[in-house]
Participant: 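What follows is a structure written as structure tokens; I'll ask about it next.
Since this is a predicted model, take the numbers as computed values, not measurements.
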Amino acid sequence: MPSVTVKLYSVLFKFLLKRQLQTLIQSSLLYSNPTHPFGTTARPEEPTAAANPTFSAPDGVATKDIHIDPLTSLSVRIFLPNTAPASASVVVSKTSGYAPAVDNPRGRNHYRKLPIVVQFHGGGFVSGRNDGVANDLFCRRMARLLDAVVVAVGYRLAPENRYPVAFEDGVAVLNWLGRQANLADCVGRGGGDFRRFDGRRRQQQQLADGLGASLVEPWLAAHGDPSRCVLLGASCGANIADYVAQKAVEAGKLLDPVRVVAQVLMYPFFIGSIPTRSEIRLSNSYFYDKDMSILAWKLFLREEEFDLDHPAANPLLLKRRQTPFKDMPPTLTVVAEHDWMRDRAIAYSEELRKVNVDAPHLDYKDTVHGFATLDVLLKTPQAQACAEDIAIWVKKYISLRGHEFSY
């Protein structure tokens, strides 16, 4: 059974969450009321971790925040481990922000880049932040364990932004990564011999290179390998990750050079109209019980389309799936013993295995929903073990030398 501390914190967490959901429901009425078109959402302040773009942090992971869409609040926080500068033969210019790779003894322009992990935080679609203290610590842990660039997505929240906004934000970040890679490649290849051009063409080339370099994100250009992209989501973030994976499958080569090689779904926020055994037995379980989770779904889905068998909520309904199970990327599912959502998550991984997709599930004893990502549980042995287990499995698909790791 969970410890007394976990039980006490769960009671407090559920009390505060219930108040927050009730406040959000009242706020959402302002958005649906035509006499109050500018309703505001009262959301409690969450503790945040300031970005630190140096490797001076105790864990040696540098971070920076980027607002990637000028029309919305969509943002990302990039986590770069201190292994990157020593492992990549890339020079980042202080003026343009990017320069091509330098020659390497192993071959011209040959250097090691790091895989990219796109991470989606939890919070029932209505709360949570990519720069929150807990999410920052978790992403730092994964960046170190995976030796990867982690891109934590600050997607828009409900009820201001209902379905499918959060899902579309996830796809937008994947497309942004593709544009960044293509732009960096163009800028890197554009450094030709200007003496071959006349004065006007030379000016045009210099202007194009300058504009391109100004749009390139230097950390990703220097150190990120989008051909080894992993999606990782916790709770409702797992739902977003799974949707983004499906869209990546549908896009195919149109997404080049981004390639989703695997996804990790941590206690996904799945539900359905027909309850499973765990949904009956553990409906009043720790932290996120079933009743409060249904309230969160009502805030996320529009009133006219609210359905517990909505494709965003229940991915097991074949008649509503657009992407066949057999086309999905390798999927690792993490479940907790005392989580009412566990059975549906396990069933999803079983459906993937039936069509020969590598889709194991890891079941952690004496754990609750959010045990590896909630602030008070991040330092527990189970949370650390879960992160290490995820890293072992993911390395099968991000290793440059093939599947030297096995699970």
Participant: Supply the atom-to-atom distance Trp340 CH2 to Glu279 CD, rounded to the nearest 0.5 angstrom.
Facilitator: 5.5 Å
Participant: What distance do Asn82 atom CG and Thr54 atom OG1 have between them, rounded to the nearest 0.5 Å?
Facilitator: 10.5 Å
Participant: Taking only residues two or more places apart in sequence, or in another chain, which ones meet Arg140 in a salt bridge (Lys or Arg N to Asp or Glu O under 4.0 Å)?
Facilitator: Asp59, Asp136
Participant: Quick one: list whatever passes side-chain contact (heavy atoms from CB on, under 4.5 Å) with Ala312, sequence neighbours left out.
Facilitator: Tyr163, Phe167, Trp297, His310
Participant: Tell me, please, which residues at least two apart from Pro324 pass side-chain contact (heavy atoms from CB on, under 4.5 Å).
Facilitator: Lys326, Asp327
Participant: Listed by chain and number, what are the side-chain contact (heavy atoms from CB on, under 4.5 Å) partners of Ser283, not counting sequence neighbours?
Facilitator: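 Testing Ser283 for side-chain contact (heavy atoms from CB on, under 4.5 Å), a comparison that skips the adjacent residues, returns Lys290.
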Participant: Could you check whether Lys395 pairs with Asp147 (Lys NZ or Arg NE/NH1/NH2 to Asp/Glu carboxylate O, under 4.0 Å)?
Facilitator: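 Here Lys395 does not pair with Asp147 in a salt bridge, since their nearest N and O are not under 4.0 Å apart.
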Participant: Pair Asp389, Tyr364 - check side chain to side chain donor-acceptor pair (under 3.5 Å), show working.
Facilitator: CA-CA 11 Å; Asp389 291 342; Tyr364 292 85; 2.8 Å; yes
Participant: Would you call Arg277 and Ile280 a side-chain contact if the rule is heavy atoms closer than 4.5 Å?
Facilitator: no
Participant: Apply salt bridge (Lys or Arg N to Asp or Glu O under 4.0 Å) to Asp131 and list each qualifying residue two or more places apart in sequence or on a separate chain.
Facilitator: Arg129
Participant: To the nearest 0.5 Å, how far apart are CD1 in Ile78 and SG in Cys139?
Facilitator: 12.0 Å
Participant: Got a sec, which residues hit side-chain contact (heavy atoms from CB on, under 4.5 Å) with Glu168, two or more places apart in sequence or on another chain?
Facilitator: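 Partners of Glu168 under the side-chain contact (heavy atoms from CB on, under 4.5 Å) test: Pro164.
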Participant: Could you list the donor-acceptor pairs under 3.5 angstrom formed between side-chain atoms of residues 115-127 and any protein atom two or more places apart in sequence or on another chain?
Facilitator:
unit_1 : atom_1 : unit_2 : atom_2 : d
Gln119 : OE1    : Asn135 : ND2    : 3.2
Gln119 : NE2    : Asn135 : OD1    : 2.8
His121 : ND1    : Tyr155 : OH     : 3.3
Ser127 : OG     : Gly123 : O      : 3.0

Participant: By salt bridge (Lys or Arg N to Asp or Glu O under 4.0 Å), which residues pair with Asp363, not counting sequence neighbours?
Facilitator: Arg342
Participant: Can you measure from CZ (Phe270) to CE (Met341) and round to the nearest 0.5 angstrom?
Facilitator: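 If I round to the nearest 0.5 Å, the distance is 10.5 Å.
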Participant: Start with the C-alpha gap between Thr367 and Glu337, add the side-chain angles, then the distance that decides, and say whether side chain to side chain donor-acceptor pair (under 3.5 Å) holds.
Facilitator: CA-CA 5 Å; Thr367 54; Glu337 181 182 11; 5.9 Å; no
Participant: Asp65: which residues meet the salt bridge (Lys or Arg N to Asp or Glu O under 4.0 Å) condition with it, sequence neighbours left out?
Facilitator: Arg77
Participant: Look up atom CD1 in Ile240 and atom CG in Leu265, then write down how far apart they are to the nearest 0.5 Å.
Facilitator: 12.0 Å
Participant: With rounding to the nearest 0.5 angstrom, report the OG to CG distance, Ser349 to Asp358.
Facilitator: 11.0 Å
Participant: Salt bridge or not between Asp225 and Arg228? Use side-chain N to carboxylate O under 4.0 Å.
Facilitator: yes
Participant: Could you pull out all residues at least two apart from Tyr288 that satisfy side chain to side chain donor-acceptor pair (under 3.5 Å)?
Facilitator: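 So Tyr288 forms no side chain to side chain donor-acceptor pair (under 3.5 Å) with any residue.
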Participant: Start with the C-alpha distance between Ser235 and His369, add both sets of side-chain angles, then the distance that settles side-chain contact (heavy atoms from CB on, under 4.5 Å), and finish with yes or no.
Facilitator: CA-CA 8 Å; Ser235 192; His369 188 89; 2.9 Å; yes
Participant: Under 4.5 Å between any side-chain heavy atoms of Phe79 and Arg144, yes or no?
Facilitator: no
Participant: Would you list the pairs meeting salt bridge (charged side-chain N to carboxylate O under 4.0 Å, His left out) in which at least one residue belongs to residues 302-319, sequence neighbours left out?
Facilitator: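 The answer is Asp307-Arg320.
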Participant: Would you list the pairs meeting salt bridge (charged side-chain N to carboxylate O under 4.0 Å, His left out) in which at least one residue belongs to residues 169-178, sequence neighbours left out?
Facilitator: Arg156-Asp169
